[in-house]
Structures are given as C-alpha cells and as structure tokens.
**Student:** 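One structure, as structure tokens, below. Some questions next.
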Amino acid sequence: MKVLEGPVLGVETSCDETGLAICTTDGRLLAHAVHSQIDVHALYGGVVPEIASRDHVLRLVPLVRKVLAQADLSVDQLAGVAYTAGPGLAGALLTGAAFARSYALGLGKPAVEVHHMEGHLLSPLLEPDVPQFPFVCLLVSGGHTQLVAVRGLGEYEVLGSSLDDAAGEAFDKTAKMLGLPYPGGAALSALAEQGDASVIDLPRPLLDRAGLDFSFSGLKTAAITRYKSLGDGCRADLAASFEAAVIDVLVARSLRALRECGLQRLVVAGGVSANRRLRDRLERETAAVDARVWYPRLEFCTDNGAMIALAGALRLAGGERTTMAIRARPRWPLTELSSPGPG
Ligand code: KG4
Ligand code: ZN
C-alpha cells in the first residue's frame with residue numbers, strides 16, 4: 001500500500017460538540033474549531049440527543065470551510081478524512097460518520113474510523129512536550145472513567161473502570177442537585193473554591209480495596225443525603241468535599257496503577273482533566289514518587305476535533321482504512337482496538 005502523508009481532516013460529533021480539525025500524518029496540528037451546543041442543552045439540564053444530531057448537521061459544512069481557511073489549504077490538498085465512529089450518542093455519531101465518509105468518497109481520499117476515547121488518550125500528543133510510550137492513562141470524562149496501560153498506538157490494556165457513574169457524570173449530577181447549570185463539573189469546581197472540604201465528611205468509595213476500579217454513585221448519593229439534611233447553607237462546603245473526595249480517589253488509583261505497571265509516565269485526559277485541583281494534586285504526588293504527568297491543553301480536555309484528526313492521521317499513516325460502510329458504534333470497548341494496519 002502507498003504510504004499516506006499529508007493533512008487529515010478530523011470530524012468529532014459524538015455528543016454535544018461539533019469539532020473539526022486538520023492534523024498532518026506527522027502529528028502537526030494545522031487548524032481546529034469547535035462549536036459547543038451547551039447553551040441549547042443547558043435549557044433542558046442535559047444533552048437532548050435529537051437536538052444534538054440536528055445541530056451537528058447545521059455546523060459541519062461551515063466548520064470544514066473554517067478549518068480549511070485557517071490551515072490555508074484547498075480541499076483537494078487533504079490526504080484523508082477521520083471521524084469518530086463511537087462510543088457516543090447513536091444519532092450524533094451517525095451524522096458525523098455519514099458526512100465524513102461521504103466527504104472522503106467525494107474527494108476520492110481514504111477515510112478512517114476513530115474511537116473517541118483513543119482520541120482523548122492521545123490528545124497530550126498534540127502538545128510540544130510529548131509523553132513517550134509506554135504510559136498509564138487516566139481517562140476521566142462525562143461517559144468514562146478508566147485507567148489504561150498504553151504501550152503504543154492501539155495497544156491498550158484497561159486496568160480498571162468505574163463500576164457505575166463516570167467521574168464527570170457524578171460531577172454533573174451532584175452539580176445539578178446543588179442547582180448549578182449543565183454541565184456542572186466546572187461550575188461545581190468554581191463553587192468549591194468558596195467552601196471548606198474539611199467541614200463535611202464524604203466517603204472515598206473503593207479506596208481501601210485492592211484493584212484499580214472506581215465507583216462514584218455512592219459518593220453522589222451521600223452528597224445528596226447530606227444536602228437534604230444540611231440545606232442550602234452547606235452548598236459551597238459540600239461542593240468542596242465532593243470535589244476533594246473524587247480527586248482523592250482518582251489520584252490514589254492513578255499512583256497505584258503506575259506502581260503496578262512499573263511506569264513513571266501518567267497521562268490524564270477527558271473533560272475532568274480540566275479540573276485545576278486535580279492537576280495540582282497529580283503534579284505534586286507524581287513528583288513525590290519520581291513520576292510525571294502530562295495533560296492536553298485545557299481546550300483539548302473536553303471534546304474536540306483535534307484529537308480525532310491526530311488519532312486518525314496516525315492510523316491512516318499506519319495503513320488503516322475503513323470500508324464504504326457508514327457505521328456508528330454507540331458502545332465500542334477500547335480493548336477491541338489494535339495497532340493500525342490494513343484489514
Ligand atoms: O470529555 P468530555 O468533554 O465529554 C465526554 O466525552 O464525556 O467531558 C465532559 C465532562 C463533563 O462531565 C464535565 O462536567 C466535566 O467533563 N468537566 C469537569 C471540568 N470541566 C469539565 N469536571 C470537573 N472539573 C472541571 N473543571
Ligand atoms: Zn469525550
């Protein structure tokens with residue numbers, strides 16, 4: 001097969017962000033743009049799937065034009081197209097997949113399906129200071145909380161996962177209960193700034209157990225129970241306690257994963273990796289054990305097209321291609337991935 005080189009268009013539509021970007025097969029990001037639908041969904045307190053799909057349809061073409069202009073490229077200079085095929089909302093995924101697969105067909109260029117969480121876990125590779133393989137990745141988003149041993153592109157071993165709510169989901173549900181707008185993670189963290197985490201004691205689920213799994217739904221329920229008994233006056237202290245409990249668990253589990261794998265490199269990605277206090281704690285505690293942590297820049301912690309363009313460009317360069325089928329895979333385990341290659 002002819003080696004593929006050049007700029008690759010990336011298309012992300014798995015949830016409520018339309019993300020477009022162009023990244024070269026040697027990992028240089030040339031352009032990126034995101035349209036967030038948060039304002040629309042905030043009216044309903046959460047993502048409304050049908051509205052998400054319809055809004056992606058409206059945004060895709062203008063955003064492609066925008067990133068091509070930013071990169072100063074004409075459409076025929078694209079070497080290929082990459083798009084998120086899963087996991088995510090079925091309708092939202094199908095919108096992006098149908099658009100991107102057809103776009104590649106029209107251009108006569110190859111296309112590749114990208115796993116959304118692979119996009120997240122490779123996102124720190126968009127930064128100038130790139131972590132080398134192998135590393136441990138803590139993936140913390142609205143839909144997933146996982147620790148993954150990453151030995152190379154497509155070589156992933158899931159070390160532990162949440163048995164119930166994802167960390168971001170627990171942030172969002174607790175924030176909603178405290179009357180904060182959707183999505184609540186950043187808002188809850190801002191409220192925690194005014195509180196004292198030592199006033200209200202909340203559990204650290206599974207922390208005293210062996211293994212690398214997580215559980216956040218009991219913590220969320222404990223926070224709700226305390227709110228009902230203490231009332232509005234405790235909101236800031238409760239936000240601070242909740243955030244501290246989640247961070248304690250994420251940090252302890254990440255350090256254990258590094259120890260068990262004998263690795264010193266930790267990558268943290270996904271929406272919750274934007275959390276300032278989580279970053280500070282991980283920086284201090286990894287340094288204390290001669291390890292190091294890498295993150296994507298803040299705008300690439302949450303959903304974006306740049307991470308999909310990068311993952312897709314690396315896979316296309318490795319010889320991977322999709323068939324003509326337009327597929328959405330709402331549930332797609334990360335462990336089904338393998339190194340890129342034809343077939
Ligand atoms: O990766 P992402 O954009 O979407 C998914 O793939 O799920 O992650 C979104 C999640 C939401 O749950 C949001 O509340 C959370 O990331 N989040 C945060 C912060 N910023 C975003 N959680 C805690 N602290 C933050 N600063
Ligand atoms: Zn995501």
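Just the heavy atoms: all of them, side chains too, but no hydrogens, waters or symmetry mates, feed the values below. Counting starts at 1 for both ligands and their atoms, in listed order.
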**Student:** Kindly confirm or rule out an N or O of Gly185 lying under 3.5 angstrom from an N or O of ligand 1.
**Tutor:**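 Yes, at least one N or O pair falls under 3.5 Å.
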
**Student:** Kindly give the heavy-atom pair with the smallest separation between Leu316 and Leu4, and that separation in Å.
**Tutor:**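 Scanning both residues, the minimum pair turns out to be CB-CD2, 3.6 Å.
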
**Student:** Can you tell me which residue and heavy atom of the protein come closest to atom 3 (O) of ligand 1, and the distance to 0.1 Å?
**Tutor:**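 For this ligand atom, the closest protein heavy atom is Asp303 N, 3.1 Å.
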
**Student:** Which atoms of ligand 1 have any heavy atom of Gly168 under 4.0 Å away?
**Tutor:**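 Answer, ordered by atom number: 12 (O).
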
**Student:** Can a side-chain donor-acceptor contact be found between Thr84 and Glu12 if the only test is distance below 3.5 angstrom?
**Tutor:**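 Per modelled atom types, Glu12 and Thr84 side chains form a pair under 3.5 Å.
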
**Student:** From the options Ala186, Ala187, Cys301, select the one whose nearest heavy atom is closest to atom 19 (C) of ligand 1.
**Tutor:**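 Considering heavy atoms of Ala186, Ala187, Cys301, the nearest to atom 19 (C) of ligand 1 sits in Ala186.
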
**Student:** Which of parallel (below 30°), tilted (30 to 60°) and perpendicular (above 60°) describes His120 and His116?
**Tutor:**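 Rings of His120 and His116: perpendicular, as their planes differ by over 60°.
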
**Student:** Any salt bridge linking Glu118 with Arg315? Criterion: basic side-chain nitrogen under 4.0 Å from a carboxylate oxygen.
**Tutor:**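 Yes.
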
**Student:** Looking at the Zn ion (ligand 2), is there an N, O or S atom belonging to His144 that lies under 2.8 Å away from it?
**Tutor:**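 No, outside the cut-off.
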
**Student:** Test Leu212 against Ser161 for side-chain contact (heavy atoms from CB on, under 4.5 Å), laying out the working first.
**Tutor:** CA-CA 7 Å; Leu212 292 166; Ser161 309; over 6 Å; no

**Student:** Pick one of side chain, backbone, both or neither for how His120 approaches ligand 1, counting any non-hydrogen atom pair under 4.0 Å.
**Tutor:**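 The part of His120 near ligand 1 is the side chain, not the backbone.
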
**Student:** I'd like to know if the side chain of Arg277 pairs up with that of Ser189 as donor and acceptor (distance under 3.5 Å, no hydrogens or angles considered).
**Tutor:**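 Side-chain D/A pair, Arg277 to Ser189: present.
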
**Student:** So, do Tyr83 and Tyr103 have ring centers that fall under 6.0 Å from each other?
**Tutor:**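 Ring-ring flag for Tyr83/Tyr103: false, centres at least 6.0 Å apart.
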
**Student:** May I ask you to check whether Gly143 has an N/O atom sitting below 3.5 Å from an N/O atom of ligand 1?
**Tutor:**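 Yes; at least one N/O pair falls below 3.5 Å.
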
**Student:** Is Ser189 in polar range of ligand 1, meaning some N or O pair under 3.5 Å apart?
**Tutor:**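 No: no nitrogen or oxygen of Ser189 is under 3.5 Å from one in ligand 1.
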
**Student:** Among Gly142, Gly88, Ala192, Gly119, whose heavy atom sits nearest atom 5 (C) of ligand 1?
**Tutor:**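 Residue with the shortest heavy-atom distance to the ligand atom: Gly142.
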
**Student:** For atom 8 (O) of ligand 1, grab the closest protein heavy atom and report residue, atom and distance to one decimal in Å.
**Tutor:**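 Answer, as residue, atom name and distance: Gly271 CA, 3.3 Å.
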
**Student:** Any idea which protein heavy atom is nearest atom 26 (N) of ligand 1, and the distance to it?
**Tutor:**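 Scanning the protein heavy atoms, the shortest distance from atom 26 (N) of ligand 1 goes to Asn275 CA, 3.6 Å.
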
**Student:** Judged by non-hydrogen atoms, does His116 sit under 4.0 Å from ligand 1?
**Tutor:**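 Yes, His116 has heavy atoms under 4.0 Å from ligand 1.
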
**Student:** Answer yes or no for Cys15: is there a heavy-atom contact with ligand 1 below 4.0 Å?
**Tutor:**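 The answer is no, since Cys15 has no heavy atom less than 4.0 Å from ligand 1.
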
**Student:** Evaluating non-hydrogen atoms only, which member of Val47, Asp172, Leu298 is closest to atom 14 (O) of ligand 1?
**Tutor:**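 Heavy atom nearest to atom 14 (O) of ligand 1 belongs to Asp172.
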
**Student:** Check this for me, if you would: do Asp237 and Arg226 make a salt bridge, where the nitrogen-to-carboxylate-oxygen distance has to be below 4.0 angstrom?
**Tutor:**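 Arg226 and Asp237: not salt-bridged.
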
**Student:** Between Asp213 and Arg253, does at least one N-O distance fall below 4.0 Å, as a salt bridge requires?
**Tutor:**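 Result for this pair is no, no salt bridge flagged.
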
**Student:** Show the atoms of ligand 1 that are less than 4.0 angstrom away from any heavy atom in Thr302.
**Tutor:**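 Near Thr302, meaning under 4.0 Å from one of its heavy atoms, ligand 1 has 3 (O).
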
**Student:** Given the rule in the ring pair (Phe, Tyr, Trp, His ring centres under 6.0 Å) test, do Phe242 and Phe171 qualify, once you have shown the distances and angles that lead to the verdict?
**Tutor:** CA-CA 8 Å; Phe242 174 84; Phe171 261 102; 5.3 Å; yes

**Student:** Taking the N/O/S atoms of His120 one by one, which is nearest to the Zn ion (ligand 2)?
**Tutor:**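 The closest N, O or S atom of His120 to the Zn ion (ligand 2) is NE2.
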
**Student:** Kindly assign one of parallel, tilted or perpendicular to the pair Phe300 and His32, based on the angle between their ring planes and the thresholds 30° and 60°.
**Tutor:**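 Phe300 vs His32 ring planes: perpendicular.
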
**Student:** What is the OD1(Asp303)-the Zn ion (ligand 2)-NE2(His116) angle, to the nearest 10 degrees?
**Tutor:**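 It rounds to 90°.
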
